[in-house]
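Step one of this worksheet: look at the structure below.
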Amino acid sequence: MSKLQIIDLYVSVEGKQILKGVNLELSTGEFHVIMGPNGTGKSTLSAAIMGHYKYTVDSGSILLDGEDVLKMSVDERSRKGLFLAMQYPSEIEGVTNADFIKTAMQARLAEGEHISLFKFIKTLDKASQELKMKSDLPHRYVNVGFSGGEKKRNEILQMKILKPKFAILDEIDSGLDVDALRIVGENVNEMKSSEFGALVITHYERLLDYIKPDYVHILMNGKIVKSGDTSLIEKVDQNGYDWIKEELGLDDDPITVTSIGTCAVKSSLAKNEA
Amino acid sequence: MQKTIEYKEYKGYHLISPGTTNIQNIKENENVVIVQDENTQIKNLEINVSAGATLTFVSYYNKSSLSDSKIIINLEKDASLKMYNLIIATNDQNITLNADVNLKEEHANCEILNVYLGTDQSLIDSKVHAYHVASNTNSDLSILSIGKDSSTVNINNMATIKQGKKKCVVHQKAKGLALNKETTIKALPILYIDEADCLASHASAIGSISKDDLFYLMSRGLTKLDASKLIVLGFIAPFADKIDEVEGLKDFKEQILNDFIKNLK
């Protein structure tokens, strides 16, 4: 069993602090869901765990089985067992899905070891069939010309093949139609085991018809303000987030008003009128 | 004066003997593939492609320091040229590729796709000019250039459409990928057009490897070096695809791409 601990995490992006003391502990065999209004730091949390270059960890720590994740490079985090299914995966011209996934599998092997072509094709075929993906997938360039749904399935395909200890699924349900949502949800659910846990970030209840969470957390104003079981999802679905704000006496983040200059049109109109 | 050149057979393809000036003729409706590797490079070359003939010209410049070299290709009616050049310049090499394609008669067409890799303090100067001296002629020129260390790559893409030569189609594209801050890639697309009835476009884009793309690949466990390598190979994939289309060049392609990868490190 593995453990991912996020302790008192403060994260900034472009000088603005978004996460203000997040605490969370996940074990393999558990599915955690994070919900929250727009702009409260859900994607910031997932990017910071994976080590995205735009996000700065101001303080706090992330530990994977006791090891300091923040000291690891992005690729090291992946090889140690973290996986981020992205909301907007990159499109990489000229690089085929097969070459990319094969290189990622190879990266997990010891020096001198090589992945057998037969094993690779078999693994890729099996995973693509389970996700009901088109057969031309290996030859297509990574996410180039993929529909929204295909991109999300491609993320889950990589997750199935790379077998991480913990996956962070950042709004994996956006852009999916009902059938694709079911296929993705079922595939994630099937991975649940003593070797695999997930942190699911979502806005919608419908994904959770397929992915059964053990814990639900509400992220607001850069902090986890409430944790509970699935009954929390129903409550949010019916009543939104205002009741939590009221219950906990939370204010909205203050908005800083900044002048970006004088409106040229407005001043010239004023001159004409004079 | 025309001089007949002795062809050598090389894995089923014609190789041109090294020399100073070679003028060759490709007969009507012939389909000729010329492969030029670092052992068979010549300084000046002129090829006349007769009516209805097709010339596929693949060359790889690596070891030799070419300067003042010139390739002239003349295309007659319905003649077709496919030209794919790979240049790798290392150390303080100075490589000049100077090619003129004369689209002399109607329905002549050419497609040129070149890949340049400059490393160390090398200099690559590329001057490719398509002269549309007949109506209804097409040219399509793409250059993919990668710069590394303190190298310099100059890309001059040129096309001329003479007055009264109607319905010509000209496309030019130059893409540059700078792998570090010290390298210089310059792209200069030039269209000399003296005729309104034509279709012409040019595009240039020079940049570095996208940080988001690197993050994406690295988030799947690829080291920065492996991820960069994959992105660069992806960048030149259109060239590899074109070589694949030429039958029997599998070994040649592997050899030149291996050299390319070696020089990326």
Side-chain angles (χ1 to χ4, degrees), chain A residues 46-55 72-109 111 115 139-144 151 154-155 157-164 167-168 170, chain B residues 84 86 113-117 142-146 173-177 179 203-245 253-254 256-258 260-261 264-265:
Chain A
S46 57
I49 296 172
M50 207 64 223
H52 193 282
Y53 65 94
K54 275 187 189 157
Y55 298 81
M72 299 176 193
S73 58
V74 177
D75 52 317
E76 242 180 303
R77 295 179 198 208
S78 164
R79 292 194 300 271
K80 288 275 182 185
L82 295 179
F83 183 92
L84 171 61
M86 299 188 198
Q87 199 177 346
Y88 304 107
S90 277
E91 295 181 7
I92 303 171
E93 200 72 55
V95 178
T96 63
N97 238 343
D99 276 346
F100 167 42
I101 295 172
K102 192 166 166 246
T103 315
M105 286 170 81
Q106 180 68 47
R108 281 157 172 76
L109 300 179
E111 219 180 306
I115 182 162
H139 314 292
R140 288 169 69 183
Y141 295 154
V142 179
N143 295 321
V144 179
K151 281 183 184 168
N154 203 25
E155 294 292 282
L157 175 92
Q158 293 163 37
M159 181 181 82
K160 279 170 77 87
I161 292 174
L162 299 177
K163 296 188 173 58
I168 304 133
D170 189 6
Chain B
Y84 311 122
L86 170 66
L113 175 54
N114 294 348
V115 169
Y116 306 146
L117 170 63
S142 298
I143 311 275
L144 304 170
S145 179
I146 294 126
K173 196 163 75 181
K175 277 173 86 179
L177 189 62
L179 298 184
S204 300
I206 298 168
S208 51
I209 291 182
S210 147
K211 278 184 169 183
D212 285 321
D213 291 356
L214 261 186
F215 172 73
Y216 186 68
L217 297 184
M218 288 174 72
S219 78
R220 304 310 188 232
L222 276 70
T223 60
K224 196 173 178 185
L225 183 70
D226 281 342
S228 309
K229 223 188 304 176
L230 213 54
I231 291 170
V232 175
L233 284 175
F235 181 75
I236 65 154
F239 176 81
D241 291 345
K242 288 292 175 194
I243 305 285
D244 275 339
E245 285 173 18
K253 184 187 117 180
E254 290 218 338
I256 63 174
L257 288 185
N258 278 340
F260 181 86
I261 291 166
L264 274 182
K265 281 177 191 164

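Per chain, numbering begins at 1; letters A, B, ... match sequence-line order.
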Worksheet item: Would one find more than 12 heavy atoms of other residues, nucleotides or ligands at under 6.0 Å from atom NZ of A:K151?
Response: yes
Worksheet item: Measuring heavy-atom distances to chain B, does A:Y88 have an atom under 4.5 Å in its side chain, in its backbone, in both, or in neither?
Response: neither
Discussion item. I'd like to know whether NZ of A:K102 has more than 12 heavy-atom contacts from other residues, nucleotides or ligands below 6.0 angstrom.
Written reply: no
Worksheet, complete the sentence: In terms of heavy-atom contacts, B:D212 and A:S90 come closest through O-OG, 3.4 Å
Item to complete: Can you spot which of A:M86, A:R77, A:Q158 makes a side-chain contact (heavy atoms from CB on, under 4.5 Å) with B:S219?
Response: A:M86
Discussion item. Can you tell me how far apart CD1 (A:I92) and CG (B:D213) are? Round to the nearest 0.5 Å.
Written reply: 4.5 Å
Practice prompt. Output the option from A:M50, A:K54, A:M105 having the highest count of non-hydrogen pairs under 4.5 Å with chain B.
Written response: A:M50
Worksheet item: Where do B:M218 and A:Y53 land on the side chain to side chain contact (heavy atoms under 4.5 Å, CB included) test, with the steps shown first?
Response: CA-CA 12 Å; B:M218 288 174 72; A:Y53 65 94; over 6 Å; no
Worksheet item: Taking atom CZ of B:R220 and atom CZ of A:R79, what is their separation to the nearest 0.5 Å?
Response: 14.0 Å
Item to complete: Measure distances from A:E91 to the heavy atoms of chain B and classify the residue's part below 4.5 Å as side chain, backbone, both or neither.
Response: backbone
Discussion item. Show, in sequence, the C-alpha distance, side-chain angles and deciding distance for A:D75 and B:T223, and conclude whether the side chain to side chain donor-acceptor pair (under 3.5 Å) test is met.
Written reply: CA-CA 6 Å; A:D75 52 317; B:T223 60; 5.3 Å; no
Worksheet item: Can you name the nearest heavy-atom pair linking A:F100 to B:L230, along with the distance?
Response: CA-CD2, 4.0 Å
Discussion item. At a 4.5 Å cut-off on heavy atoms, which part of A:E93 comes close to chain B: side chain, backbone, both, or neither?
Written reply: backbone
